Amino acid sequence: MAQTTKPLKELQFTSTLGQTLEEIGKTRNALAVEARVRPATINAIVDGSAKQLVFETLEAILEALHTLEPSRAFTIEDVVKYEK
């Protein structure tokens, strides 16, 4: 039996990236450019439709957030939260 992959919003993960971007006053596109990640990937994470999150992508996003707002320390929970 083939296993299907579910998007974040169907699992117990909540995207917090949109809120983080609002808090620091940056756009999704600015993050995509700084992180060198496709804008579609950023959009999928923000809207919860991403079916996977590669660690290299997560690292690039966190590093880009720090570059865009160096006065704040960012963690994985600034991108996604696991809520049981």
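Note that the structure is predicted; figures quoted are calculated from it, not measured. Counting from 1, the numbers follow the sequence of the chain as shown.
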In residues 37-46, what donor-acceptor pairs under 3.5 Å come from side-chain atoms, sequence neighbours left out?
{"from": "N43", "atom 1": "OD1", "to": "R28", "atom 2": "NH1", "distance (Å)": "3.1"}
{"from": "N43", "atom 1": "ND2", "to": "P39", "atom 2": "O", "distance (Å)": "3.3"}

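- To the nearest 0.5 Å, atom CG of residue D78 and atom CD of residue E69 are 11.0 Å apart.
- Using a 4.5 Å heavy-atom threshold, the side chains of L17 and L31 count as touching.
- In the hydrophobic cluster analysis, where Ile, Leu, Val, Met, Phe, Trp and Tyr join through side-chain heavy atoms closer than 4.5 angstrom, Y82 is grouped apart from V54.
- Salt bridge annotation for E23-R72: present, with a cationic side-chain nitrogen under 4.0 angstrom from a carboxylate oxygen.
- With a 4.5 Å cut-off on side-chain heavy atoms, K84 and Q12 count as touching.
- Around the CD1 atom of I76, the shell of radius 6.0 Å holds no more than 12 heavy atoms that belong to other residues, nucleotides or ligands.
- Atom CD of E56 sits about 12.0 Å away from atom CD1 of I61, to the nearest 0.5 Å.
- Within 6.0 Å of CD on Q52 lie no more than 12 heavy atoms contributed by other residues, nucleotides or ligands.
- Within the 4.5 Å cutoff, the side chain of L8 has heavy atoms near those of the V80 side chain.
- Counting all heavy atoms, side chain and backbone alike, L53 lies closest to L58 at CD2-CD1, 4.2 Å.
- The distance from atom NZ of K51 to atom OG1 of T5, rounded to the nearest 0.5 Å, is 6.5 Å.
- Atom CD in E10 sits 10.5 Å away from atom OG in S49 (nearest 0.5 Å).
- Judged as a ring-ring contact (aromatic ring centres under 6.0 Å, His included), not a single pair has a partner in residues 37-74 (not counting sequence neighbours).
- Here the OG1 atom belonging to T14 is positioned 10.5 Å from the CD atom belonging to E77, to the nearest 0.5 angstrom.
- Within the 4.5 Å cutoff, the side chain of L21 has heavy atoms near those of the L65 side chain.
- A side-chain donor-acceptor contact under 3.5 Å links T16 to the backbone of V79.
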